[in-house]
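Everything on this sheet refers to the single structure shown next.
Letters A, B, ... mirror the listed sequences (proteins, then strands); counts begin at 1.
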Protein chains: 2
Amino acid sequence: MSVYTPAEVVEETGFSLDTLRYYEKIGLLEPVGRNAAGQRRFSEDDVGWLGTIRCLRDTGMPIAEMLRFAELVREGDHTIADRIKLLEEHDGRVREQIARLTERQGYIRNKISYYRTVV
Amino acid sequence: MSVYTPAEVVEETGFSLDTLRYYEKIGLLEPVGRNAAGQRRFSEDDVGWLGTIRCLRDTGMPIAEMLRFAELVREGDHTIADRIKLLEEHDGRVREQIARLTERQGYIRNKISYYRTVV
DNA sequence: ATCGCACCTGGAGCGCACTCCAGGTCAATC
DNA sequence: GATTGACCTGGAGTGCGCTCCAGGTGCGAT
């Protein structure tokens, strides 16, 4: 079972070291293991979880909601229905987000086309 | 040439009154016309411009860049090539945004599917 | 042994985009 | 003529999500 240094995790997840510490501090990450010198050594699971976090963050989930999700995960398998619910609601918002973005994109492209006719 | 009261513009654009005043203060909106009592009366053009702003904001353009765009618009027709450039760069970012969102959406949906197999 | 470097901590600070507030004006309505 | 309600101003405050800082530890390389 391999472990990762902070620098490796920064590299793999794209989160800054400060952000990793911040996530641990607020409880989005469970207390990370340490080596003898007190330095963090992230587990495979930590890195996997950070991948999930990355994905939720990138789709605009606020930290407060990620915390709720993290709690559900910690509580064990009997919360899986709740997790599905949470993720489905989020998926709905992502869909809306994409739809809105696509619509606005159309407007921007029209604008560009219009400018092209003017030049 | 009809004009709009603040309340009407709030209704039509979805920006709050405070936001409208803020946009005027920072120069994103040119100084809005006033009635005898000093109250704002927005022109058709103001409302149209706010539509553009809405669209750029919703697609994640930072205010600083919208200000640059507003400046170009004010400078007149000889800046149209620059405006096209700015909007095209923005369009590129919007495309990336949609692509990333779509990819992450796939991940989320996988996660949901996985949870469904577990329950 | 001394240096550089990756890492540690608690806590302060920051950038963005608003949002709220206190105190005031004016016009129309009861 | 008192009240109500939409609006005004300048400036302070807020929430989010980090990001930075000072001061310190421990380890491997020169």
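- Computed from coordinates, the A:R40 CZ to D:dT25 P distance equals 17 Å when rounded to whole Å.
- When the P atom of D:dC7 is taken as reference, atom CD of B:E8 falls 9 Å away, rounded to whole Å.
- Atom CG of A:L17 is separated from atom P of D:dC20 by 12 Å (rounded to the nearest Å).
- When heavy atoms are screened at a 4.0 angstrom cut-off, A:A36 is found touching no nucleic acid atom at all.
- When rounded to the nearest whole Å, the span between OH of A:Y22 and C1' of D:dC16 equals 7 Å.
- Residue B:E65 contributes atom CD, which lies 15 Å from atom C1' of C:dC16 at whole-angstrom precision.
- Note on A:R57: only backbone sugar-phosphate atoms sit closer than 4.0 angstrom, heavy atoms only; bases stay farther off.
- You won't find any donor-acceptor pair under 3.5 Å spanning the side chain of B:D18 and the base of C:dC18, going by distance alone.
- Atom NZ of A:K25 and atom P of D:dC20 are 14 Å apart (whole Å).
- Note on B:Y23: only backbone sugar-phosphate atoms sit closer than 4.0 angstrom, heavy atoms only; bases stay farther off.
- Of the candidate nucleotides C:dC8, C:dA17, C:dT19, C:dT19 has the atom lying nearest to any side-chain atom of B:S16.
- Aromatic ring pairs are classed by plane angle as parallel below 30°, tilted from 30° to 60° and perpendicular above 60°; the pair B:Y115 and A:F69 is perpendicular.
- Phosphate contact (OP1/OP2 of C:dA17, side-chain N/O of B:T19, threshold under 4.0 Å): absent.
- When each of B:M66 and A:T5 is assigned the nucleotide of DNA chain C with its nearest heavy atom, A:T5 is the one assigned upstream, toward the 5' end.
- Within 4.0 Å (heavy atoms only), B:A7 reaches sugar-phosphate atoms of the nucleic acid but no base atom.
- Counting non-hydrogen atoms under 4.0 angstrom, B:R41 reaches nothing in the nucleic acid.
- Here C:dG11 presents its P atom at 16 Å from CD of A:E24, a figure rounded to the nearest Å.
- A:R21 comes within 4.0 angstrom of a base, heavy atoms only.
- Taking the centre and axis of the six-membered ring of A:Y4, the NZ or CZ atom of A:R41 falls outside the cone set by 45° and 6.0 Å.
- With C:dC26, C:dA6, D:dC8 as the choices, the nucleotide that has an atom nearest any side-chain atom of A:Q39 turns out to be C:dA6.
- To the nearest 0.5 angstrom, A:T52 atom OG1 is 9.5 Å from B:I108 atom CD1.
- In this structure, the side chain of A:E24 engages the main chain of A:V32 through a donor-acceptor pair within 3.5 Å.
- If you measure from atom CZ of A:R54 to atom C1' of D:dG17, you get 13 Å, rounded to the nearest angstrom.
- Distance check: B:R57 CZ to B:T59 OG1 gives 8.5 Å after rounding to the nearest 0.5 Å.
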